[in-house]
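As structure tokens, the structure follows; a few thoughts come after it.
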Amino acid sequence: MPNIVVQDDKILRSLQVVLDPEVSVERTAALCDYLSFDIPDPMAWIEEQRAKAATIWPPKMHMIADEQAMLPHLTHANAIVTESLKVGVEELALAKDLKLVQKFGTDTRNIDLDACERSGVGVRTLKRRVNGVVAEHAILLMLAVGRKLTETNGALDFTSLAALGYSPRMFDPDHIAGANWARIDGLRSLQGATVGALGLGEVGREVALRANAMGAKILYHQRTRLPKEAEQRHGAVYASYDVLLRQSDFISIHLPLNETTEGMVDVRSFALMKPGAILVNISRAHIIERAALIAALDSGRLGGAGLDVHYEEPAAPDEPLKQYKNVVLSPHVAVAQRHHNLADTAELIKNLIDALAG
């Protein structure tokens, strides 16, 4: 019976549902409900994964909240699945039977790779599909706000455009092209723009790669600067928080919500932003101070906002952010279809089988 230590992340609980014979009925039901609108038969998928894992069944699963709680379980651990929990010399000294450290992501800064190699412990990473699709949504929000897509949706005639405050008029076809005869001013594009990434972790790096490929310059800020190789690989330049705000045409948030980031984007932050800047948030709503956001929109200084995460979910029918034509609000759908989650979980399970079945 292999012993598997897993960081108790809400996404990684799907691994527990598949592999842990002692998982609660409630947790299994919750996962099935989470998948149900996208996956016709969630239990069939779970049973399929259990059948594939027959060679390591039944494992003993230990869901761990933090590093201190992990230590007592390392003595008999055969595998560790971690997103952010540190695995270094101290942890490896306790884990004499360890065969695999599985990173839930690709950023291995929390894992001492050299120490793992010296101990003969394999390290596997996972390029999470979900991070890629969340990054797609961040780009979508930038473009939707920048191109005034929701504001002008369906406005294909003079009357509709005039009702929106524009003065449409055809150009002279004998002398000039006809693009934007609607005469919509203030349109923004990523090509040639500066995108400020607040956080260049797993999701932030995916955003940077996509924005860079579309011709944008990438600035990033976070508590710890990345190694130069990582910056070069993602086409990103480190900047202080204030410099990023002053220079960015688009600002995209990819930070966790904690005591240091809550309310981080405040009145002072909005005052520093370049006039007309567009703010996008696919992380956590409360990183942006709500009253400061509304004040920045009312002042006209902020060019607009695209938000996939909200202060209350579900929001109240009279949510004040709905009234702004330059704000795009999506109902927390950046993760897209559930098939990406399942593919990530299936890859984790395969890696565990490969490491432990022998």
Atom of [X], atom of [Y] and distance for their closest heavy-atom approach:
| X | Y | result |
| --- | --- | --- |
| Q222 | L200 | OE1-N, 2.7 Å |
| E231 | Y238 | OE2-CB, 3.6 Å |
| V5 | A77 | CG2-CB, 3.8 Å |
| A179 | F171 | O-CE1, 3.3 Å |
| A53 | I353 | CA-CD1, 3.6 Å |

Do K274 and Q247 have side chains that approach each other closer than 4.5 Å (heavy atoms only, starting at C-beta)?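 Not touching, per the 4.5 Å side-chain cut-off.
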Strictly by modelled atom types, are [X] and [Y] linked by a side-chain donor-acceptor pair under 3.5 Å?
| X | Y | result |
| --- | --- | --- |
| S330 | D308 | yes |
| S283 | N281 | no |
| Y166 | D185 | no |
| T194 | S248 | no |
| N153 | T150 | no |
| Y311 | E319 | no |

Rounded to the nearest 0.5 Å, what separates atom [atom1] in [X] from atom [atom2] in [Y]?
| X | Y | atom1 | atom2 | result |
| --- | --- | --- | --- | --- |
| I288 | L279 | CD1 | CG | 4.0 Å |
| I46 | M43 | CD1 | CE | 5.0 Å |
| H221 | S240 | NE2 | OG | 7.0 Å |
| T75 | N3 | OG1 | CG | 10.0 Å |
| E91 | I111 | CD | CD1 | 11.0 Å |
| I278 | D249 | CD1 | CG | 8.5 Å |

Could you pull out all residues at least two apart from V237 that satisfy side chain to side chain contact (heavy atoms under 4.5 Å, CB included)?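 Expected list: L219.
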For E289, enumerate each residue passing the salt bridge (Lys or Arg N to Asp or Glu O under 4.0 Å) test, keeping only those at least two apart in sequence or located in another chain.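 None.
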Evaluate side-chain contact (heavy atoms from CB on, under 4.5 Å) for V134 paired with H137, printing each intermediate quantity in order. CA-CA 5 Å; V134 170; H137 200 80; 5.6 Å; no
Is the NZ or CZ atom of R301 both under 6.0 Å from the centre of the six-membered ring of F270 and within 45° of that ring's axis?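 No, R301 does not lie over the aromatic ring of F270.
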Between L141, L143, L140, which is the residue that forms a side chain to side chain contact (heavy atoms under 4.5 Å, CB included) with V328?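 Only one option passes, and that is L141.
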Would F158 and W181 satisfy ring-ring contact (aromatic ring centres under 6.0 Å, His included), going step by step from the backbone distance to the final call? CA-CA 10 Å; F158 286 176; W181 57 266; 5.7 Å; yes
Would you say the side-chain atoms of [X] pair up with the backbone N or O of [Y], donor to acceptor, closer than 3.5 Å?
| X | Y | value |
| --- | --- | --- |
| K217 | G235 | no |
| T261 | N258 | yes |
| Q7 | E83 | yes |
| S119 | C116 | no |
| R210 | E206 | yes |
| R183 | R169 | yes |

Should the ring pair H62 and H73 be called parallel, tilted or perpendicular, given that the plane angle runs from 0 to 90° and is split at 30 and 60?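 Answer is tilted, since the angle falls between 30° and 60°.
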Run the salt bridge (charged side-chain N to carboxylate O under 4.0 Å, His left out) test on D107 and R205 for me, step by step, so that the C-alpha distance in whole Å, both residues' side-chain angles and the decisive distance to 0.1 Å come before the verdict. CA-CA 10 Å; D107 185 349; R205 295 179 192 192; 3.0 Å; yes
With salt bridge (charged side-chain N to carboxylate O under 4.0 Å, His left out) as the criterion, how do D242 and R268 come out once you've worked through the C-alpha distance, each side chain's angles and the decisive distance to 0.1 Å? CA-CA 10 Å; D242 289 5; R268 175 184 174 277; 2.5 Å; yes
Q68 atom CD, over 12 foreign heavy atoms within 6.0 Å: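 Atom CD in Q68 is not packed in, count stays at 12 or less.
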Go through D114 and R118 one step at a time and tell me if the salt bridge (charged side-chain N to carboxylate O under 4.0 Å, His left out) criterion holds. CA-CA 6 Å; D114 292 336; R118 290 194 301 269; 5.3 Å; no
Could you please spell out the steps behind the salt bridge (charged side-chain N to carboxylate O under 4.0 Å, His left out) verdict for R284 and E262? CA-CA 9 Å; R284 292 292 181 267; E262 185 171 0; over 6 Å; no
Under 4.5 Å side-chain heavy-atom separation, chaining through any Ile, Leu, Val, Met, Phe, Trp or Tyr, what else clusters with V333? Say none if it is isolated.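 Noted: V333 shares its cluster with no other residue.
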Would you please test L329 and K322 for side-chain contact (heavy atoms from CB on, under 4.5 Å) and show each step? CA-CA 8 Å; L329 305 171; K322 291 181 181 180; 4.0 Å; yes
For the pair S14 and T345, evaluate side-chain hydrogen bond (donor to acceptor under 3.5 Å, both in side chains) and give the outcome as yes or no after the intermediate values. CA-CA 7 Å; S14 62; T345 301; 3.0 Å; yes
Does K127 pair with E347 as a salt bridge, N-O distance under 4.0 Å?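 A salt bridge is absent here (no side-chain N lies under 4.0 Å from a carboxylate O).
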